[in-house]
Colleague: 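Dropping the structure in here first, questions after.
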Protein chains: 2
Amino acid sequence: MRIKMAKGIADVAKVFQALSDETRLLILEQLKDGEQCVCDLTDVFKTGQSRLSFHLRVLKDAGLILARPEGRWMYYSLNLDGVEELQDVVTSLKAASSRAAKRGCCP
Amino acid sequence: MRIKMAKGIADVAKVFQALSDETRLLILEQLKDGEQCVCDLTDVFKTGQSRLSFHLRVLKDAGLILARPEGRWMYYSLNLDGVEELQDVVTSLKAASSRAAKRGCCP
DNA sequence: ATAATTCATCAACGTTTCTTGATGTAATAG
DNA sequence: CTATTACATCAAGAAACGTTGATGAATTAT
């Protein structure tokens, strides 16, 4: 069992911030198919390289993707750890929502 | 079984945007205890009323909370539907991450 | 009726984020 | 070696966001 470091609220906000952009959501969607290099993504999105580089950095800094250099290419992939931490936050919110709904529903 | 309208990517981005601010995350945290009026929240956060009103609107527009007027008070609470849709998005991302990790792990 | 309370909205301002094009760096190719 | 490729980073401007204080609408109290 891996040790899981609890994130502060600032980190959580940062993760959601990274997810708050359509381009970045599309990048994640694209990475669902597996590891890709920036060149693949520029092909797919038909956009400037520096723009993609910017968004990849945001996702990486948020811990949502991993970067693996190989030769002159940089391969990006989904970061399971980061996504699991995200899921924990959402699950806890869902649990509270369910409790509140249950409380409110039966007068 | 409730009918679940699929959200476009813009809507998903909007939900994450709503979650990308520390104050709004604290508001949600506070609402985990159940429905609260704006006055309760201004007490808790010791901040200006218009500031809270702004953040509550963002959360409401994103579908994460519900507003219930009663007399001169407005009660806010977590919106289970919105949170569940959020969870669906994250779960799907997690599933893809797991698949990718499994693929990558065993050379 | 007037006054007070609760909250939403607006305008103005500063801050952050996103995009674009240019420059820099490291690895490979010729 | 020089040239090229793949990518990161920087600087400048545009757009979106968050804060503040003022105003407005609806409700309740006196």
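So that the names make sense, note that chain A is the first sequence line, chain B the second, and so on, each numbered from 1. Heavy atoms only: backbone and side chains are in, while hydrogens, waters and symmetry mates are out.
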Colleague: Does the side chain of Arg51(A) get closer than 4.0 angstrom to OP1 or OP2 of dT19(C) through an N or O atom?
Modeller: yes
Colleague: Side-chain N or O of Arg57(B) versus OP1/OP2 of dA8(C): is the shortest distance under 4.0 Å?
Modeller: no
Colleague: How many whole angstroms separate atom CD of Gln49(A) from atom P of dT19(C)?
Modeller: 14 Å
Colleague: To the nearest Å, give me how far apart CG (Asp21(A)) and C1' (dC18(C)) are.
Modeller: 8 Å
Colleague: Judged by each residue's nearest nucleotide on DNA chain D, which is more toward the 5′ side, Ser50(A) or Trp73(A)?
Modeller: Trp73(A)
Colleague: Have a look at Gly48(A) and say if it touches a base, only the backbone sugar-phosphate, or nothing, with a 4.0 Å heavy-atom cut-off.
Modeller: nothing
Colleague: For a quick test of reading the model: is some side-chain N or O of His55(A) closer than 4.0 Å to OP1 or OP2 of dT17(C)?
Modeller: no
Colleague: Calculate the interatomic distance between Ile27(B) atom CD1 and dG18(D) atom P; express it in whole Å.
Modeller: 11 Å
Colleague: Expressed in angstrom and rounded to an integer, what is the separation of Asp61(B) atom CG from dA8(C) atom C1'?
Modeller: 12 Å
Colleague: Please examine the side chains of Val15(B) and Leu19(B), heavy atoms only from C-beta on, and report whether any two atoms are closer than 4.5 Å.
Modeller: yes
Colleague: Quick one: side chain to side chain donor-acceptor pair (under 3.5 Å) pairs with a partner in residues 57-68 of chain A, sequence neighbours left out?
Modeller: Glu35(A)-Arg68(A), Arg57(A)-Asp61(A), Arg68(A)-Glu70(A)
Colleague: Check whether any side-chain nitrogen or oxygen of Tyr76(A) sits under 4.0 Å from OP1 or OP2 of dA8(D), and answer yes or no.
Modeller: yes
Colleague: Just N and O in the side chain of Arg72(A): are any of them under 4.0 Å from OP1 or OP2 of dT25(C)?
Modeller: no
Colleague: Nearest whole angstrom, please: distance from the C1' of dT17(C) to the CD of Glu22(A).
Modeller: 15 Å
Colleague: Would you mind reading off the distance between Met74(A) atom CE and dT5(D) atom C1', rounded to a whole angstrom?
Modeller: 14 Å
Colleague: Do Leu86(B) and Val12(B) sit in the same hydrophobic cluster, where Ile, Leu, Val, Met, Phe, Trp and Tyr count as joined when their side-chain heavy atoms come under 4.5 Å apart?
Modeller: yes
Colleague: For Thr23(A) and for Glu70(A), find the nucleotide of DNA chain C with the closest heavy atom, then tell me which residue's nucleotide is more 5'.
Modeller: Thr23(A)
Colleague: Can you check the Leu52(B) CG to dC7(C) P distance for me, whole Å?
Modeller: 10 Å
Colleague: May I have the distance from Leu56(A) (atom CG) to dA8(D) (atom P), rounded to whole angstrom?
Modeller: 7 Å
Colleague: Taking all non-hydrogen atoms of both residues into account, name the closest pair between Cys37(A) and Tyr75(A) and its distance.
Modeller: N-CD2, 3.7 Å
Colleague: Can you see which heavy atom on Thr23(A) is nearest to which on Asp21(A), and at what distance?
Modeller: N-OD1, 2.9 Å
